[in-house]
Amino acid sequence: MSEFIPLSVPNFGTKEAEFAAEAITSGWVSTSGAKVGEFEQALADYVGMPRAVAANSGSSALHLAAMAAGIRRGEEVIVPTLTFIAAVNPLTRYMGAEPIFIGCDDSLCIDPDAVEVFCAEHCTLKEDGLYNNKTGARIAALEVVHVFGNMANMPRLLEIARKYRLLLIEDATEALGTHYTAGPLAGKFAGTMGDIGCYSFNGNKIITTGAGGMVVSNHPDWTEHAKHLSTQAKADVLQFLHDEVGYNYRMTNVQACLGLAQLSRLEDFIAVKKARYEQYLAGLDGKRGMRILRFADDGGQVRSNHWFFSLDLRDTGLDRDTVIHTLQKQQIQTRPIWALIHEQADYPRNEAYGLDKALDYRRYIVNLPCSTNLSEADCDRVIQAVLAL
Ligand SMILES: *Cc1c(COP(=O)(O)O)cnc(C)c1O
């Protein structure tokens, strides 16, 4: 029996073991200890931001971001429909807000044209913001998700957010390391261009702390508020006085140690991702109608982190679920892209626009194994299995 090839798993080595052992032997294993602050600073420095606030997951980081940004009950948020549900729930249902769903462009990220059409044709811009003509609700924010490590079309989305007075929230949970290398946004990292941004260190992400997340923002009061909310909103540490409803969203010192080790290896991970991606491209792209989706590079102006690889089956005549099942029998784990969120049980009545491409990608994409410890030989085994379908 051949060995199991997982879709995306952690890459831990001696450095992670050494760093975590340091936390364990020192006794600082919980949410106090110096490493959390060190990891926050290291992450902030890496993406070029003044401050980062650690959280115990990407989902809690997004919830903290929504609270810090001041989304209010009864307001609405423009969000993508082609993404993981944790990009949406924390901004909408956790907050008592409602989503308006928008489809994707060929980067798999939210389609700026469809956002613009919705704002221009279905909304009214008033002094205190944008209002949805259909519901009468104020639209507080636009959320961008940098899907699979692709950079969303930020020049356009920033312009739309400015024009329609929307806060811009970036879910960069999948895109740590993706940045502009040229053009007007040169040097800017995914997650750092809007009002507030989030990262995840879940086990399947490009770096992992087992579970964890981070919030970054250029608004110093927002990051401080996020920190406050993540630590039970304790206003007086000795007397246990709390000035609002907070959460226990803290990262542990052990996780921060893992994060420091992983962050130091991030550029090496990206190099491996790129090499495996190019191997798939050479092995599969153009064969029997198969297509490996390109990472959005905005005319050569973006360095993507190449996090997740997509095989597009639309011109092959092959059925997505049969492909996944056949590969599974050969011990190769693949998966379809997410079910669209506007079709999920919790969002039956929400508006959704510009869905054509999202529906197609949902139907035809299979994600291929992409771990940073996937060997060249195992990658070749996947390629041969796919060619034999
Ligand atoms: C992983 C992910 C999240 C949530 O992060 P967790 O750390 O798993 O809570 C949110 N949004 C997107 C797009 C993700 O891929």
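In listed order, ligands and their atoms are each counted from 1.
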Discussion item. Would V147 count as a contact residue for ligand 1, given that I'm defining contact as a non-hydrogen atom of the residue lying under 4.0 Å from a ligand atom?
Written reply: no

Worksheet item: Mind checking whether W307 has an N or O less than 3.5 Å away from an N or O of ligand 1?
Response: no

Practice prompt. Pull out every atom of ligand 1 sitting under 4.0 Å from any heavy atom of L62, numbered as shown with elements.
Written response: 10 (C)

Worksheet item: Should the pair F118 and Y353 be assigned to parallel (<30°), tilted (30 to 60°) or perpendicular (>60°) ring geometry?
Response: tilted

Worksheet item: Y277 vs F295 aromatic rings, parallel, tilted or perpendicular, using cut-offs 30° and 60°?
Response: perpendicular

Discussion item. Less than 6.0 angstrom separating the ring centers of F39 and F201, yes or no?
Written reply: yes

Item to complete: Considering heavy atoms of the protein only, find what lies nearest to atom 14 (C) of ligand 1 and give residue, atom and distance to 0.1 Å.
Response: T173 OG1, 3.1 Å

Response to the item:
When distances are taken from atom 9 (O) of ligand 1, the protein heavy atom at minimum range is S59 OG, 2.6 Å

Response to the item:
Rounding to 0.5 Å, atoms CG (D297) and CZ (R294) come to a distance of 10.5 Å

Worksheet entry | Subset of ligand 1 atoms that lie under 4.0 Å from at least one heavy atom of V145 | 13 (C)

Worksheet item: Can an N or O of N204 be found at a distance shorter than 3.5 Å from an N or O of ligand 1?
Response: no

Practice prompt. Run the salt-bridge test on K205 and E174 with the 4.0 Å N-O cut-off and return the result as yes or no.
Written response: no

Response to the item:
One finds that the ligand 1 atoms under 4.0 Å from a non-hydrogen atom of N202 are 7 (O), 8 (O)

Worksheet item: Using 30° and 60° as the class limits, which term best fits the ring planes of Y347 and F101: parallel, tilted or perpendicular?
Response: perpendicular

Worksheet entry | Atoms in ligand 1 with a heavy atom of T83 nearer than 4.0 Å | 13 (C)

Worksheet entry | Those atoms of ligand 1 less than 4.0 Å from some heavy atom in S57 | 7 (O), 9 (O)

Worksheet item: Which heavy atom of the protein is the closest neighbour of atom 6 (P) of ligand 1, given with residue, atom name and distance?
Response: G58 N, 3.4 Å

Worksheet item: Quick one: does E174 get an N or O within less than 3.5 Å of an N or O on ligand 1?
Response: yes

Practice prompt. In plain terms, say whether K163 and E159 are close enough for a salt bridge, that is, a side-chain N and a carboxylate O under 4.0 Å apart.
Written response: no

Discussion item. What's the separation between atom CG in N253 and atom CG in L258, rounded to the nearest 0.5 Å?
Written reply: 10.0 Å

Item to complete: Among all protein heavy atoms, pick out the one at the shortest distance from atom 11 (N) of ligand 1; state its residue, atom name and that distance to 0.1 Å.
Response: D171 OD2, 2.8 Å

Item to complete: Just need the protein heavy atom nearest to atom 2 (C) of ligand 1, so name the residue and atom and give the distance.
Response: K205 NZ, 3.0 Å

Worksheet item: Does a side chain donor of either D106 or Y361 reach within less than 3.5 Å of an acceptor in the other side chain?
Response: yes

